[in-house]
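Accompanying notes for the structure given below.
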Protein chains: 2
Amino acid sequence: MQETIEQKCISKGVKLTDQRKIIAKVMSESTDHPDVIELYKRVSKIESKISIATVYRTVKLFEEAGIITKHDFRGGKARYEELNESHHDHLIDIKTGEIIEFVDEEIEKLQKKVAEKYGYDLVDHKLELYGVKKKS
Amino acid sequence: MQETIEQKCISKGVKLTDQRKIIAKVMSESTDHPDVIELYKRVSKIESKISIATVYRTVKLFEEAGIITKHDFRGGKARYEELNESHHDHLIDIKTGEIIEFVDEEIEKLQKKVAEKYGYDLVDHKLELYGVKKKS
DNA sequence: GTAGATGCAAAGTATTTGCGACAAG
DNA sequence: CTTGTCGCAAATACTTTGCATCTAC
């Protein structure tokens, strides 16, 4: 079992308030990629007096601490996902909005190679595939 | 020589107003990836009474017509770029913000393969590499 | 002539922030 | 205790829109 968000907060010196614990729990239990409003809704079910400002502040904090990650998929709103040791990219169904996570070592390697070719060290990357389900 | 934005508008039945001609010209001459504010500034130098609402409406129109493309790089604002037959991805210097355009056929092929693996037809994709310039 | 485009300002979204009250370490 | 957090509402940033006027075709 890997470290929980709460444990990561402790090891990174992030103060753990009740609100943050709840947001951490909700993030951990989310298998999708919720935006702030969605997160706020889920959090509110557990503790209704958490304000949306706190949700915004907390996701930003967690992101800066490297605990969760932010995506700017199409649609304007930022969406978040727990970060764990297994990196992956996303395949997005443009009809249904469904998101499939995948990893392709070959692509990862090639990305590093491209960066090197231009004299860069690859720090991060974003790969999103947009597709439609095949008939067959 | 390839088709200009103006020519594309004509062939796609997009009405060509003076404002659109100016915005088209500015987009064509931009080798970077300007956001709407930047575009508005450049356009204003040529014709100062174009409103920012028109710039927003026009980039949206051009985007829907498949004439330019929109990027949501880090930093909140949408940025635009003329679309031409040569597809490419972006390598972004996280220190300076500089953007390098590149193509890697190998990666392109692998992306299609990944989509197929999950039963999808690849319609579009977004690949952004974030890096820092090497010392040496 | 007419459908669609423009300018302006007002309205929408998404997100951030100032501030007094409050809680974690 | 003291530093940092929370809730609230106001502020900001980016983008869209209603409406009267104007223009390309």
Side-chain angles (χ1 to χ4, degrees), chain A residues 5-27 33-65 67-80, chain B residues 5-27 33-65 67-80:
Chain A
I5 294 183
E6 277 199 31
Q7 290 169 327
K8 286 182 194 164
C9 285
I10 293 165
S11 63
K12 298 192 188 234
V14 170
K15 199 186 266 186
L16 266 174
T17 63
D18 289 346
Q19 291 85 333
R20 290 182 185 170
K21 282 181 199 164
I22 293 171
I23 295 168
K25 178 169 148 52
V26 169
M27 278 295 329
H33 305 70
D35 58 37
V36 172
I37 303 285
E38 182 55 35
L39 216 42
Y40 175 59
K41 280 185 197 156
R42 294 180 193 175
V43 158
S44 297
K45 279 188 192 157
I46 301 176
E47 172 52 79
S48 64
K49 51 185 187 305
I50 291 182
S51 85
I52 192 145
T54 297
V55 179
Y56 271 107
R57 281 192 273 238
T58 304
V59 290
K60 194 176 206 179
L61 177 78
F62 284 179
E63 197 206 350
E64 283 163 0
I67 297 171
I68 67 176
T69 186
K70 176 182 177 179
H71 297 293
D72 296 287
F73 296 144
R74 289 168 193 193
K77 304 182 202 174
R79 299 174 59 171
Y80 293 88
Chain B
I5 294 183
E6 278 199 31
Q7 289 171 328
K8 284 183 197 164
C9 284
I10 295 166
S11 64
K12 295 187 192 241
V14 170
K15 199 187 269 187
L16 265 175
T17 63
D18 289 347
Q19 291 85 334
R20 291 185 184 168
K21 281 181 198 163
I22 293 171
I23 295 168
K25 178 169 149 54
V26 169
M27 278 295 330
H33 305 68
D35 58 36
V36 172
I37 304 288
E38 181 56 36
L39 216 43
Y40 176 59
K41 281 184 199 155
R42 295 180 193 176
V43 158
S44 296
K45 279 186 193 158
I46 301 176
E47 171 52 77
S48 65
K49 49 184 188 306
I50 291 182
S51 86
I52 191 146
T54 297
V55 179
Y56 271 107
R57 279 191 275 235
T58 304
V59 290
K60 195 176 207 182
L61 177 77
F62 283 0
E63 197 207 351
E64 283 164 359
I67 296 171
I68 67 176
T69 186
K70 177 182 178 179
H71 298 292
D72 296 286
F73 297 143
R74 289 171 194 191
K77 306 180 201 173
R79 299 174 59 172
Y80 293 87

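Fair warning: this is a prediction, and the values are worked out from it, not measured in the lab. Chain letters run A, B, ... following the sequence lines, proteins first, then strands; residues in each count from 1.
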Using the C1' atoms of five pairs at each end, what's the angle between the two axes of the helix from dG1(C)-dC25(D) to dG25(C)-dC1(D), to 10 degrees?
-> 50°
Taking the side chain as every heavy atom from C-beta outward, state whether Arg20(A) and Leu61(A) have any atom pair closer than 4.5 Å.
-> yes
Residue set satisfying salt bridge (charged side-chain N to carboxylate O under 4.0 Å, His left out) with Lys77(A), at least two apart, ordered chain then number -> Asp35(A)
Hits for salt bridge (charged side-chain N to carboxylate O under 4.0 Å, His left out) against Lys49(A), two or more places apart or cross-chain, chain-then-number order -> Glu47(A)
Look at Lys60(A) and dT15(C) and indicate whether a side-chain polar atom (N or O) is within less than 4.0 Å of OP1 or OP2.
->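 Looking at the OP1 and OP2 atoms of dT15(C), neither is under 4.0 Å from any side-chain N or O of Lys60(A).
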Look at Tyr56(B) and dT16(D) and indicate whether a side-chain polar atom (N or O) is within less than 4.0 Å of OP1 or OP2.
->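 It does not, given that no N or O in the side chain of Tyr56(B) lies less than 4.0 Å from OP1 or OP2 of dT16(D).
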Can you sort out the partners of [X] under side-chain contact (heavy atoms from CB on, under 4.5 Å), two or more places apart, ordered by chain and number?
{"X": "Thr54(A)", "value": "Gln19(A), Ile23(A), Ile50(A), Ser51(A), Thr58(A)"}
{"X": "Lys70(B)", "value": "Glu63(B), Asp72(B), Ala78(B), Tyr80(B)"}
{"X": "Ile52(A)", "value": "Val36(A), Ile37(A), Tyr40(A), Tyr56(A)"}
{"X": "Arg42(A)", "value": "Val26(A), Ser30(A), Asp32(A), Pro34(A), Glu38(A)"}

Whole angstrom is fine here: how far is it from [atom1] in [X] over to [atom2] in [N]?
{"X": "Asp72(A)", "N": "dT13(C)", "atom1": "CG", "atom2": "P", "answer": "20 Å"}
{"X": "Glu63(A)", "N": "dT16(C)", "atom1": "CD", "atom2": "C1'", "answer": "15 Å"}
{"X": "Ile22(A)", "N": "dC6(D)", "atom1": "CD1", "atom2": "C1'", "answer": "13 Å"}
{"X": "Lys77(A)", "N": "dG12(C)", "atom1": "NZ", "atom2": "P", "answer": "16 Å"}
{"X": "Leu16(A)", "N": "dG25(C)", "atom1": "CG", "atom2": "C1'", "answer": "11 Å"}

Quick one: pull up CG in Leu16(A) and CD in Gln7(A) and give me the separation to the nearest 0.5 Å.
->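 With rounding to 0.5 Å, CG (Leu16(A)) is 10.5 Å from CD (Gln7(A)).
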Say you draw a straight line from SG of Cys9(A) to CD of Glu6(A); how long is it, rounded to the nearest 0.5 Å?
->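 Taking SG in Cys9(A) and CD in Glu6(A), the distance rounds to 7.5 Å.
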Specify the residues of residues 36-47 of chain A, ordered by number, for which at least one heavy atom lies under 4.0 angstrom from an atom of DNA chain C.
-> none
Taking only N/O atoms, report every protein-nucleotides 20-22 of chain D pair under 3.5 Å with atom names and distance.
none

Can you sort out the partners of Lys21(A) under side chain to side chain donor-acceptor pair (under 3.5 Å), two or more places apart, ordered by chain and number?
->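 Lys21(A): no side chain to side chain donor-acceptor pair (under 3.5 Å) contacts found.
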Please tabulate the protein-to-nucleotide N/O contacts below 3.5 Å involving nucleotides 4-7 of chain C, giving atom names and distances.
from: dA5(C); atom 1: OP1; to: Arg20(B); atom 2: NH1; distance (Å): 3.3
from: dA5(C); atom 1: OP1; to: Arg20(B); atom 2: NH2; distance (Å): 3.1
from: dA5(C); atom 1: O5'; to: Arg20(B); atom 2: NH2; distance (Å): 3.4
from: dT6(C); atom 1: OP1; to: Thr17(B); atom 2: OG1; distance (Å): 2.7
from: dT6(C); atom 1: O3'; to: Gln19(B); atom 2: NE2; distance (Å): 2.9
from: dG7(C); atom 1: OP1; to: Gln19(B); atom 2: NE2; distance (Å): 3.3
from: dG7(C); atom 1: OP1; to: Lys49(B); atom 2: O; distance (Å): 3.0
from: dG7(C); atom 1: OP2; to: Ser51(B); atom 2: N; distance (Å): 3.1
from: dG7(C); atom 1: OP2; to: Ser51(B); atom 2: OG; distance (Å): 3.4
from: dG7(C); atom 1: OP2; to: Thr54(B); atom 2: OG1; distance (Å): 2.3
from: dG7(C); atom 1: N7; to: Arg57(B); atom 2: NH2; distance (Å): 2.8
from: dG7(C); atom 1: O6; to: Arg57(B); atom 2: NH2; distance (Å): 3.4

Pairing residues for Phe73(B) by the ring pair (Phe, Tyr, Trp, His ring centres under 6.0 Å) criterion, not counting sequence neighbours = His71(B), His90(B)
